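Take a look at the structure set out below.
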Amino acid sequence: MVNKAAVMKIIGIEEHFLTAEIREAWGAIGLDATDPSVAFHSGAIERRLLDLAQDRLALMDETGLAVQVLSLTTPALHDLGLESVDLAQRTNDALAEVVARHPKRFQAMATLPVSMPEEAALELERCVATLGFKGTVLCGKVGPRNLDDPTLAPIFQSAQASGVPILIHPRVPDATVRTAYYSGFTPEVDAAFATYALGWHYEAGIQFLRLVLAGTFDRMPGLQVILGHWGEVVLFYAERLAALDKVSGLARPIASYLRNNLYVTASGMFLPHYLERATAVVGVDRLLFSTDFPYQYRPSHDARRFLEKCDLSEQDKAGFAHGNWMRLTGEK
């Protein structure tokens, strides 16, 4: 008998890239000194981020992915100003050419000039309507503004109107937060503690919860948000978050937003008990697959092996592997 999981199409929806131009733009405004995550983009990680051709395809085959949905890595263009408008357009046009060269292997998420919300909304509309992109990624706060800041509303309105999701990706916490909570050890430990060990994930989860508590999904009930890393801590405190129902004044319970406006993806954290928790909170039809390439890249068909062994029915595995994403993005 043929093992269906062994040949099942896998779409990774949180797979990252970088361009030399954006790397230079980060350096020009001093992000190398102020954002510890920028230093992670070096060596083999940088080479894999910059490559959008055969080497990346070979690693996709190695880990078991049929398709990567490409998105700009953190901190994206969040710290850039007016110059980010043209930079975003050039990046998106170049990414569209990559997808056109490999239409069966790559899809794309829009890069936006988020510090200019009106322009960002128009660029998202262009990327979806003209370039065929599947959504966009926001890397947490935009300068001092949380994502629920009213000035950023045009981006969310554009996503709902275009019928595409927004993935909230982690970024480093503010310097004051890092100093207060994530410092006092070696520089290497401080950087890891504030980013991939914990700080990133609290930051992304809090941004989603702020959107909920600000009534964003009451005003835009069709808006869909994706959180990586099995929900960026949020799902593991769903019961405690439900206590907010007593004081929030929202139209629905917190649990309803988790099940109707949130999708979650694995981000290369292939742990069965995380999958079980996500299924219990958001439902099996809101699970998406991703490897968080190149940060979580591991060889030997690691992604496919997790899918084969996970405790889901064959139908639900297919949804997790590709079907839920295709339904979310209207792909046939």
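Predicted model only: the values in this text are computed from it and were never measured.
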Check your understanding: Which pair of heavy atoms, one from Phe236 and one from Trp230, lies closest together, and at what distance?
Key -> CE1-O, 3.8 Å
Check your understanding: What distance do Leu223 atom CG and Tyr257 atom OH have between them, rounded to the nearest 0.5 Å?
Key -> 12.5 Å
Review point. Can you hop from Tyr196 to Val189 via hydrophobic side chains spaced under 4.5 Å?
Key: no
Review point. Between Arg277 and Glu239, is there a salt bridge with N-O shorter than 4.0 Å?
Key: yes
Review point. Ion pair present between Arg23 and Glu46, side-chain N to carboxylate O less than 4.0 angstrom?
Key: yes
Exercise for review: Please report the closest heavy-atom contact between Ala266 and Ser290, naming both atoms and the distance.
Suggested key: N-OG, 3.8 Å
Review point. Do the side chains of Met220 and Leu227 join up, straight or via other hydrophobic residues, at under 4.5 Å, putting them in one cluster?
Key: yes
Check your understanding: In terms of hydrophobic clusters joined by side-chain contacts under 4.5 Å, are Leu72 and Val137 together?
Key -> no
Check your understanding: When hydrophobic residues are tied together by side-chain contacts of less than 4.5 Å, even through go-betweens, does Val225 share a cluster with Tyr237?
Key -> yes
**Study point:** Residue pair Pro272 / Phe306: nearest heavy atoms and the distance that separates them
**Key:** N-CE1, 4.2 Å
Review point. Is there a path from Ile45 to Tyr297 through hydrophobic residues (I, L, V, M, F, W, Y) whose side chains come within less than 4.5 Å of each other?
Key: no
Check your understanding: How far apart are the closest heavy atoms of Val99 and Ala108, and which atoms are they?
Key -> CG2-CB, 4.0 Å
Study note, to complete from the structure: Result for side-chain contact (heavy atoms from CB on, under 4.5 Å) between Phe320 and one of Leu287, Ile10, Thr279 points to Leu287
Study note, to complete from the structure: Value for OG (Ser158) from CG (Leu122), rounded to nearest 0.5 Å, stands at 7.5 Å
Exercise for review: For residues Leu241 and Val212, determine if any side-chain heavy atom of one lies less than 4.5 Å from a side-chain heavy atom of the other.
Suggested key: no
Practice item. Count the heavy atoms belonging to other residues, nucleotides or ligands that lie under 6.0 Å from CD of Gln315, then report whether that count exceeds 12. Key: no
Study note, to complete from the structure: Output for pair (Leu167 CG, Thr265 OG1), nearest 0.5 Å, gives 7.5 Å
Exercise for review: Answer yes or no: is there a side-chain heavy-atom contact under 4.5 Å between Cys310 and Lys317?
Suggested key: yes
Check your understanding: Just checking, any donor-acceptor pair under 3.5 angstrom between side chains of Gln107 and Glu331?
Key -> yes
Check your understanding: Which atoms form the tightest heavy-atom contact between Asp292 and Glu15, and what is the distance?
Key -> N-OE1, 3.5 Å
Practice item. Can you measure from CD1 (Ile13) to CD (Gln68) and round to the nearest 0.5 angstrom? Key: 11.5 Å
Check your understanding: Out of Val142, Thr151, Leu77, which one pairs with Ser115 under the side-chain contact (heavy atoms from CB on, under 4.5 Å) rule?
Key -> Val142
Practice item. Indicate yes or no: does Asp35 engage Arg178 in a salt bridge with an N to O separation below 4.0 Å. Key: no
Exercise for review: Return yes when atom CZ of Phe40 has more than 12 non-hydrogen atoms of other residues, nucleotides or ligands closer than 6.0 Å, and no otherwise.
Suggested key: yes
Review point. Hey, would you say the Phe156 and Phe217 ring centroids sit under 6.0 Å apart?
Key: no
Practice item. Measure the shortest side-chain to side-chain distance between Pro170 and Glu203 over non-hydrogen atoms and say whether it is less than 4.5 angstrom. Key: no
Check your understanding: Between Glu276 and His273, is any side-chain donor less than 3.5 angstrom from a side-chain acceptor?
Key -> no
Point to revise | From CZ (Phe133) to OG (Ser71), nearest 0.5 Å | key: 11.0 Å
Review point. Can you tell which of Arg48, His41, Glu14, His16 makes a side chain to side chain donor-acceptor pair (under 3.5 Å) with Tyr295?
Key: His41
Review point. Would you say Arg105's side chain and Ala66's backbone share a donor-acceptor pair under 3.5 angstrom?
Key: yes
Exercise for review: Search all heavy atoms of Gly140 against all heavy atoms of His78 and return the closest pair with its distance.
Suggested key: O-CE1, 3.2 Å
Check your understanding: Would Arg305 and Glu308 pass as an ion pair if we require N to O under 4.0 Å?
Key -> no
Review point. Going by atom types only, do Gln224 and Arg286 share a side-chain donor-acceptor pair under 3.5 Å?
Key: yes
Practice item. State the NE2-NE2 distance between His229 and His169, to the nearest 0.5 angstrom. Key: 6.0 Å
Review point. Checking side-chain contact (heavy atoms from CB on, under 4.5 Å) against Phe208, which of Leu147, Thr216, Ile226, Leu258 comes through?
Key: Leu258
Point to revise | Other residues, nucleotides, ligands: >12 heavy atoms within 6.0 Å of Asp218 CG | key: yes
**Study point:** Check ion pair Asp149-Arg145 (N to O, under 4.0 angstrom)
**Key:** no
Review point. Heavy-atom distance under 4.5 Å between the side chains of Pro165 and Tyr263, does that happen here?
Key: no
